[in-house]
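To start, the structure itself, in structure tokens.
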Amino acid sequence: MTAVGLRDCKAWQDAGLTLSTTSNEAAKLFDAVVTQYTTWANDQTLGGVEGCLSRMKAADPNFVMGHVISNGVELIGTGRSPLLDKELDNEIRTMVELSKTQPLTERERIHVAAVEAFGKGNLPKASDLWEKILRDHPTDLLALKSAHDAYFYLGCQTQMRDSVARVLPFWSPKVPLSSYVKGMYSFGLVETNFYDQALKVANEALAVEQKDAWSVHTVAHVYEMKADLEKGLSFLKTTEQNWEDRDMLACHVYWHWALYFIEKGEYEAALTLYDDHIAPICFSRESMLDIVDTCSMLYRLQLEGVNVGDRWSKLTDITNKHAKDHVLIFNDLHFLMSSLGSKDHEMTAQLMDSMQEVAKSPGENCQHALIDPIGYPLCKALVEYDNGNYDKAVDLIQPIRYQILEIGGSNAQRDLFNQVLIHAAIQSNSKCHQNLARCLLIERDAMRPNSPLSERLLRKATAVHGFV
């Protein structure tokens, strides 16, 4: 991407997406941020996302959509909470107040309302507002990508797929970044179990742009969900040079690579990826996606009986700063994994206590409203499992296992909680739970035929309980 291809005020107007600014520089920098947000890469020739945001605000301090995308990108990252971060809260208030003084289009006003709703934790409302924009402006990429991410956090897989499907016909090859929209659609397909179609669409997108990390990510998911490990490993190895510089997503793609090794039982290879790629990226960026991936990976290895050494302690130095955020239950669960892994009992207590506190008055925050029925029981189950109370862990997870979808994340990410339930059921003293373990393993084998991980779990259950 170069500055030459970025859209000025007239280009945005010609696209039917008028921006209320007279500054061509601000309009181009807005395009630069949208592009980097979509392609999952900081373009250092432009100064990266942060540099572009700073220059955009300097070019036109009153550019409302500039404030919208600045706050939106921050909120979507889920690394800061307006409830705890006064600076971010003030930025959102400034955006709202500024919108009242500017002659905005209706589309822009809805964008402001959507970001404001997201800041309050009302992700369903924010999603509805972005969808309202897309009905009239199907090529508004900021609305489309924001809705896509919000649906991901809500566990709304079908909506994530259909949101893109509804606008896809309007994204002809001449529309900037159209192939990336196809990549977004491919991910919605894989999350709703249309594996073959997802692979086809992702490959179509990659044929246009090999550096489309989100489409690479879709292909990785397809091979993960089908336990087609050799194809997954080969694909990521041969395409690494295309996505390793997509710094916002590279850590996550390496995480998928490591999952193949964990699935195969090749733990040293997984730890090598962790030490050489995953951890260095995480600790240098400290982005929330990278943090949850590192927590998830170490926890999965620990479930497999692997000694991960002192890797937990360095990770907890980061997660401890977020113990009271409670932006997403999904994030909270991964922070908890780190505190349990490092035996940081103070952080565990702090996270659990503050989680219960915010659940008392959730307001319109959808995540806080899920704490009592889903979030806290799931966190408590991890604590009980860590303490060796396997019966209690099963009793906490089993009744809500079909509601866990609501914490968001992907099928591959949430599979970790299925694994915890199976491990707990196998190690439980209850005959009922032991039979549950057998049922869950049969179910898992049906969904992922030829999974080495499932085979190992079945061998463990057979050794303990004599299953056949």
Side-chain angles (χ1 to χ4, degrees), residues 288 291-360 362 367-409 413-430 432-434 436-437 440 457:
M288 200 50 59
I291 292 169
V292 299
D293 281 345
T294 52
C295 294
S296 170
M297 183 177 169
L298 293 184
Y299 196 85
R300 287 166 189 257
L301 286 166
Q302 198 165 274
L303 278 178
E304 292 280 293
V306 178
N307 184 346
V308 300
D310 63 354
R311 292 177 178 87
W312 278 123
S313 58
K314 187 176 181 181
L315 185 53
T316 306
D317 289 341
I318 298 176
T319 57
N320 193 32
K321 296 181 289 188
H322 298 284
K324 292 184 177 180
D325 286 3
H326 305 304
V327 177
L328 297 176
I329 291 172
F330 184 84
N331 294 354
D332 289 340
L333 283 157
H334 287 79
F335 302 154
L336 179 62
M337 292 173 201
S338 74
S339 68
L340 294 173
S342 62
K343 305 304 179 185
D344 189 333
H345 304 302
E346 182 179 349
M347 178 183 165
T348 297
Q350 183 184 65
L351 188 151
M352 299 287 282
D353 291 346
S354 59
M355 175 183 272
Q356 286 184 298
E357 192 62 33
V358 298
K360 293 177 181 177
Q367 292 293 306
H368 294 176
L370 284 176
I371 288 174
D372 282 345
I374 301 174
Y376 191 82
L378 202 48
C379 285
K380 183 66 173 173
L382 295 186
V383 173
E384 296 293 355
Y385 184 90
D386 190 68
N387 289 333
N389 299 325
Y390 305 119
D391 290 352
K392 291 182 179 179
V394 173
D395 288 338
L396 285 162
I397 300 177
Q398 198 274 334
I400 61 171
R401 62 183 298 250
Y402 286 110
Q403 282 72 56
I404 293 175
L405 173 64
E406 297 178 45
I407 70 170
Q413 288 173 314
R414 285 188 312 276
D415 182 53
L416 177 53
F417 304 108
N418 294 328
Q419 293 181 37
V420 172
L421 178 58
I422 293 171
H423 276 282
I426 290 173
Q427 298 174 85
S428 171
N429 292 318
S430 163
C432 179
H433 290 168
Q434 294 163 12
L436 173 64
L440 292 172
L457 288 169

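Please read all numbers here as calculations on a predicted model, not as lab measurements.
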Check Gln367 against Val327 and note the closest heavy-atom contact, atom names and distance.
-> CG-O, 3.2 Å
Looking only at heavy atoms, which two atoms of Gly375 and Ile329 are closest? And how far apart?
-> CA-CG2, 3.7 Å
So the salt bridge (charged side-chain N to carboxylate O under 4.0 Å, His left out) pairs with at least one residue in residues 292-309 (sequence neighbours excluded) are Glu304-Arg456
Given 3.5 Å as the limit, does a donor-acceptor pair link the side chain of [X] with the main chain of [Y], or not?
| X | Y | result |
| --- | --- | --- |
| Gln427 | His423 | yes |
| Ser428 | Ala424 | no |
| Ser354 | Gln350 | yes |
| Glu384 | Asn389 | no |
| Arg311 | Leu298 | no |

If you round to the nearest 0.5 Å, how far is [atom2] of [Y] from [atom1] of [X]?
| X | Y | atom1 | atom2 | answer |
| --- | --- | --- | --- | --- |
| Leu328 | Leu333 | CG | CG | 10.5 Å |
| Leu370 | Phe330 | CG | CZ | 14.0 Å |
| Leu378 | Arg414 | CG | CZ | 11.5 Å |
| Asp332 | Met352 | CG | CE | 10.0 Å |
| Leu315 | Tyr299 | CG | OH | 14.0 Å |
| Met355 | Asp325 | CE | CG | 11.5 Å |

Does one side chain, of Asn331 or His334, offer a donor that lies under 3.5 Å from an acceptor on the other?
-> no
Review item, side-chain donor-acceptor pairs of residues 392-407, under 3.5 Å, at least two apart:
| residue | atom | partner | partner atom | Å |
| --- | --- | --- | --- | --- |
| Asp395 | OD1 | His433 | NE2 | 3.0 |
| Arg401 | NH1 | Glu443 | OE1 | 3.4 |
| Arg401 | NH2 | Glu443 | OE2 | 2.7 |

Output all residues satisfying ring pair (Phe, Tyr, Trp, His ring centres under 6.0 Å) with Tyr385, sequence neighbours left out; order by chain, then residue number.
-> Tyr390
Residue from Leu416, Leu440, Ile426 passing side-chain contact (heavy atoms from CB on, under 4.5 Å) with Leu421 = Leu440
Given the rule in the side chain to side chain contact (heavy atoms under 4.5 Å, CB included) test, do Met347 and Ser338 qualify, once you have shown the distances and angles that lead to the verdict?
-> CA-CA 9 Å; Met347 178 183 165; Ser338 74; 3.8 Å; yes
